[in-house]
There are 2 protein chains.
Amino acid sequence: MESKGAALNKKQLQSEQTKRRVADAARALFVNKGYKATSIEDISEATGSSKGNIYYHFKSKEGLFLYLLDEWEQEWEVKWQENVSHYKTVTDKLYGFAKQMVLDDLNHPLSKAASEFFNHDEKPGDVEERIIEMVQGHLKFNQDLLQQGIDNGEFKAENIECLAIILESLVIGLSHMSRQLKLQNAIQLYQQAIKIYLYGIANPPH
Amino acid sequence: MESKGAALNKKQLQSEQTKRRVADAARALFVNKGYKATSIEDISEATGSSKGNIYYHFKSKEGLFLYLLDEWEQEWEVKWQENVSHYKTVTDKLYGFAKQMVLDDLNHPLSKAASEFFNHDEKPGDVEERIIEMVQGHLKFNQDLLQQGIDNGEFKAENIECLAIILESLVIGLSHMSRQLKLQNAIQLYQQAIKIYLYGIANPPH
DNA sequence: TATAATCCTGAACGAACGTTCAGTATAAAA
DNA sequence: TTTTATACTGAACGTTCGTTCAGGATTATA
């Protein structure tokens, strides 16, 4: 029940460090090998901790992965908040969105493991829920962005929910297709895609 | 080495029927349960054939799935050829493309199993190749379509390869996102998405 | 009829892997 | 110091599942 990173006794400190070590190693492995191909034993070997110890810190393999996804989204949010102030129009924001997306997807590519993870079945109910939550979060994010654009006249006022889903679809598809591309090409691809999307939803007098 | 479905002796006939039975049952199972969740034993039980017999007709589980994907794409192509004659402009073709896509994806949804399959690792080299071939085929298809639109002035003349990839991305993402939608909503979503895409690539005086 | 090719069976293999748990060590609390 | 909570170990479990294989049955071939 600590509020921040303060006043940890020896035991709590060690525990926290171990958890961090496991999380970091797991992240690297998931990124390189994918979700399924990374075994708990791999993580165990990479950290020096025992398998059992991993289960002491995380509920399950899926729980561990969700933990990493959470961290990833938080980092993403922080970066976004840093960048968003630099953009004036929502159009610019969308380009910035795409840029951060592609950089994030190709450098911190949990994304590959993530899409593998999402397409797995046999997910316990709570995991499924968590995933749905995430998608809803993304859609909300997109909707807010689009609403801004509509409010200030950049975009046509159309069915926002639909537009948000389409944007999300586009991004998912792009991250799928760009996996075998070089960074430069991926960036170009994302930009072009956003450009098309923007032309598609822009208010006629652009 | 027969050319068509003619002149089969009793043995060959039985063999072909068995293969068909296995393929059909496997297809139904993959559709309902997904790729990984469908075991060879499931297929064995559904057909009455033994596990070993399935391996007599198909190289492996993956080979069986690829066989089904091939069939699926062939059916798709046939339907497309039937429809394409009805459309005049390439714009209409793209709407028709989307329509067939969504109907196909939600009725014959190997698509769910397919995206699960694609995201699997541990694929032997030849399987990976086959998949890449398929993607290339799709891109080629898209490129041809776009080229037509450019030739007759419907679309702006831009980097076609890029546009083709973006279209493919959009479709992949849509099929991903629309999985939990009702058919009506999915159709609407696809149409709207294509509309945006078309606005994005259309020649200014539309 | 005899031999070979084809179709099919079903038990068994084997390897992977997430998860558990009884037990140990270390540090905090009493 | 004694007791209790926490951090960790590592062997073992259990289950799943794709794949193989020796052999039997059926049909074609010589």
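Values in this document were obtained by computation on a predicted structure and should not be read as measured data. Just so it is clear: chains get the letters A, B, ... in the order the sequence lines come, proteins before strands, and each one is counted from 1.
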Item to complete: List the protein contact pattern of nucleotides 22-30 of chain D with one symbol per nucleotide (5' to 3'): B for base contact, S for sugar-phosphate-only contact, - for none; contact means a heavy-atom distance under 4.0 Å.
Response: ----BSS--
Between [atom2] on [N] and [atom1] on [X], what's the gap in Å once rounded to a whole number?
X	N	atom1	atom2	value
A/L13	C/dT26	CG	P	17 Å
B/K59	D/dG18	NZ	C1'	14 Å
A/H57	D/dC8	NE2	C1'	8 Å
B/F65	D/dG18	CZ	P	13 Å
B/K36	C/dG18	NZ	P	10 Å

Discussion item. Can you work out whether A/I54 or B/E41 has the more 5'-proximal nearest nucleotide on DNA chain D?
Written reply: A/I54
Worksheet entry | Given DNA chain C, 5'-ward residue of the pair B/Y56 and A/K61, judged by closest heavy atom | B/Y56
Response to the item:
Comparing B/N53 with A/G52, nearest DNA chain C nucleotide closer to 5' gives the residue B/N53
Fill in: Positions of residues 42-51 of chain A (non-hydrogen atom under 4.0 Å from DNA chain C), listed by number
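A/K51, in order of number.
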Worksheet item: Residues in salt bridge (charged side-chain N to carboxylate O under 4.0 Å, His left out) with A/D151, at least two apart?
Response: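 A/D151: no salt bridge (charged side-chain N to carboxylate O under 4.0 Å, His left out) contacts found.
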Item to complete: Under the salt bridge (charged side-chain N to carboxylate O under 4.0 Å, His left out) rule, collect the residues that match up with A/E158, sequence neighbours excluded.
Response: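 Testing A/E158 for salt bridge (charged side-chain N to carboxylate O under 4.0 Å, His left out), a comparison that skips the adjacent residues, returns B/K195.
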Discussion item. Once salt bridge (Lys or Arg N to Asp or Glu O under 4.0 Å) is applied, what residue pairs with a partner in residues 161-173 of chain B remain, sequence neighbours excluded?
Written reply: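 Residue pairs passing salt bridge (Lys or Arg N to Asp or Glu O under 4.0 Å), neighbours aside: none found.
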Discussion item. Between A/T18 and D/dC8, is there a contact of a side-chain N or O with OP1 or OP2 at under 4.0 Å?
Written reply: yes
Worksheet item: Under 30°, 30 to 60°, or over 60°: which ring-plane class applies to B/W80 and B/Y87, parallel, tilted or perpendicular?
Response: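 If you compare the ring of B/W80 with that of B/Y87, the planes turn out tilted.
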Worksheet entry | Flag, side chain of A/Y190 to backbone of A/S175, donor-acceptor distance under 3.5 Å | yes
Worksheet item: Do the non-hydrogen side-chain atoms of A/E73 and A/H138 ever get within less than 4.5 Å of each other?
Response: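 The answer is yes; the side chains approach within 4.5 Å.
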Worksheet item: Between A/Q184 and A/Q188, does any side-chain donor sit less than 3.5 Å from a side-chain acceptor?
Response: no
For residues 93-100 of chain B, which side-chain donor-acceptor pairs fall under 3.5 Å, sequence neighbours excluded?
{"residue": "B/K93", "atom": "NZ", "partner": "B/Q148", "partner atom": "OE1", "Å": "2.7"}
{"residue": "B/Q100", "atom": "OE1", "partner": "B/N83", "partner atom": "ND2", "Å": "3.2"}
{"residue": "B/Q100", "atom": "NE2", "partner": "B/W76", "partner atom": "O", "Å": "3.1"}

Worksheet item: Nearest to the side chain of A/Y55 - C/dT20, D/dA7, D/dC17?
Response: C/dT20
Fill in: Side-chain ion pair, B/K19 and B/E71, N-O less than 4.0 Å
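The answer is no: the pair does not qualify as a salt bridge.
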